[in-house]
Amino acid sequence: MLPFHLPEISEGEIDSVRSCLQSGWLTTGSFARRFETEFRSFVGCSHAVALNSCTAAAHLALHILDIKEFDEVIIPTMSFAAAAEVVCHLGMRPVLIDCHPVSLNIDIKKIDRAVTPRTKAIIPVHLGGLPCEMDELLEIARFHKLKVIEDAAHAFPAVYRGRIIGSIGDYTCFSFYATKTITTGEGGMLTTDHGECIDRLRRLSLHGIDHRPNDGYSWDYDIVEPGHKYNMPDLAAALGIIQLAKCQRMWEARRRIASMYQKAFQNIQELELPSEPPDVRHAWHLYSIRLRLDRLRLSRNQFIAELRARNIGTSVHFKPLHLHSYYRRTYGYTPQDFPVATAAFDRIVSLPIYSLMTDTDVLQVIEAVNDVVQQYRR
Ligand SMILES: *Cc1c(COP(=O)(O)O)cnc(C)c1O
């Protein structure tokens, strides 16, 4: 069985974690600070805060906006639970937006009419690692005085018109979850150029505690406000430092796999392939195809089962938020409210794409996909 994802963990990661274990300091300390410094210089942003998840990063970015109950945040429905969930936790309303039919990213044209006097922020998601149209999005945000908090869980490393994702919006949230493009097992990073709020962000990431001495002995500190328990432990950062150092090579490996797929599938009329506009660099966290169901005699779920029968692991990104019971029940969303995302959900399949895949693995996926398409072609 070819798994849908495998992390690339080598001796470097093992040595780094071992030296952290042997140092006697396992929680946030010198490894986390070094990971932040190196991440910051890679992305080219002023500040980076290492956290224990991308969800935590989104929560902190929203926390400091000083939002009030019933305020609204604009979010694409074609995404994962994380960002919308913290919006709910803060007593705000996630205002869902349909996706663009080609990119499947948030449909920029539908943002304007969703803005109300209560709207405080937009959380674009760079789906699969394809950067959103940030110039247009920032223009809308500036016009309505909204903050832009990017969900870049898929977008490391990605580039939009020469700017690295993480250096564009007000705040950018990265994930180092086990399946993401670099991993710390669980982890995240919040980047920003807003220096005025960085002390508060750091404080909020650890119980709202101020002046925390880092020598492990001092007991004197002050709780300034209720915070969260969102710090990244050194044990995780030890992994992250090594993963970061090889992110470029791992990206090149994924890009190569993506171009093998693109070349192999470009003439298959039954498939729609992911797009890569010339002014961006796709992170290729995901390689998601869409089935042309009108040209096939099987459903997406059957397609997945057929690939599984051919020993290929796949996944689906994502079941749109508006189809989940909480969002239907709470906000009265129906499938028809977001026709593009609803229709796309029935057709999307993510194929394996990760640096440990050999050419033989990639060819095995290509052969399996070709085989299923041929067998079920109308
Ligand atoms: C994985 C993921 C997240 C959450 O990341 P965590 O680090 O697990 O909190 C957020 N958004 C998207 C789009 C994701 O895929």
Side-chain angles (χ1 to χ4, degrees), residues 4-5 7 32 35-36 39 48-63 73-90 94 96-97 99-100 103-106 121-132 148-158 165-166 169 171-191 205 228-233 235-237 239-240 243-244 247 254 274 282-288 314-324 327 341 344-345 348 350 353-354:
F4 174 66
H5 181 78
F35 186 32
E36 286 173 346
F39 196 86
V49 184
L51 300 165
N52 57 20
S53 71
C54 176
T55 310
H59 198 172
L60 292 183
L62 285 165
H63 187 131
V73 175
I74 289 175
I75 296 195
T77 187
M78 189 54 102
S79 186
F80 183 61
E85 149 192 298
V86 294
V87 169
C88 297
H89 285 324
L90 288 161
L96 302 181
I97 302 276
C99 54
H100 187 275
S103 70
L104 296 191
N105 278 334
I106 189 166
I122 310 176
I123 307 185
V125 181
H126 309 295
L127 197 71
L130 172 67
C132 294
V148 174
I149 301 169
E150 292 168 64
D151 179 341
H154 300 177
F156 186 80
I165 297 296
Y171 302 94
T172 306
C173 311
F174 293 95
S175 176
F176 311 130
Y177 176 70
T179 61
K180 300 290 159 69
T181 56
I182 68 171
T183 185
T184 60
E186 298 279 359
M189 190 77 78
L190 179 60
T191 65
S205 76
H228 306 272
K229 174 60 182 173
Y230 282 167
N231 57 305
M232 174 183 282
L235 217 43
L239 253 173
Q243 289 270 298
L244 177 61
C247 71
R254 292 193 307 277
H282 202 307
W284 294 117
H285 166 53
L286 300 176
Y287 185 88
S288 299
T314 57
S315 190
V316 171
H317 301 87
F318 288 95
K319 179 177 175 180
L321 295 172
H322 73 274
L323 296 181
H324 289 274
Y327 292 95
F345 172 56
I348 44 179
S350 301
I353 181 164
Y354 48 94

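When a residue number appears, it is its place in the shown sequence, counting from 1. Remember, it's 1-based here, ligands and their atoms both numbered in the order they're listed.
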Taking N or O atoms only and a 3.5 Å limit, does Cys54 qualify as a polar contact for ligand 1? yes
To check your reading of the model: name the closest protein heavy atom to atom 9 (O) of ligand 1, its residue, and the distance in Å. Thr55 OG1, 2.5 Å
Counting only heavy atoms closer than 4.0 Å, does ligand 1 sit against the backbone of Ser53, its side chain, both, or neither? both
Measuring from His322:NE2 to Leu96:CG, what's the distance to the nearest 0.5 Å? 8.5 Å
Please could you name the atoms of ligand 1 that Phe318 approaches to less than 4.0 Å, counting only its heavy atoms? 15 (O)
So if I count the atoms of ligand 1 from 1 in the order they appear, which ones are less than 4.0 Å from some heavy atom of Gly187? 7 (O)
Could you tell me if any non-hydrogen atom of Lys180 lies under 4.0 Å from any atom of ligand 1? yes
Decide whether an N or O pair under 3.5 Å exists between Asp151 and ligand 1. yes
Pairwise distance CZ(Phe174) to NZ(Lys180) - rounded to 0.5 angstrom: 12.0 Å
Heavy-atom side-chain contact between Ser79 and Asp151 under 4.5 Å: yes
Atom 7 (O) of ligand 1: nearest protein contact (heavy atom, Å): Ser175 OG, 2.7 Å
Are Phe176 and Met232 side-chain neighbours, meaning at least one heavy-atom pair lies under 4.5 Å? yes
For Cys173, is the nearest heavy atom under 4.0 Å from an atom of ligand 1? no
Within the 4.5 Å heavy-atom criterion, are Glu186 and Asn52 side-chain neighbours or not? no
Select the closest option to atom 15 (O) of ligand 1 among His154, Met189, His59, His126, judged by heavy-atom distance. His154
For the pair Ser53 (side chain) and Gly188 (backbone), establish whether a donor and an acceptor sit closer than 3.5 Å, ignoring hydrogens and angles. no
One pair to check against side chain to side chain contact (heavy atoms under 4.5 Å, CB included): Val49 and Glu36. What are the steps and the verdict? CA-CA 6 Å; Val49 184; Glu36 286 173 346; 4.2 Å; yes
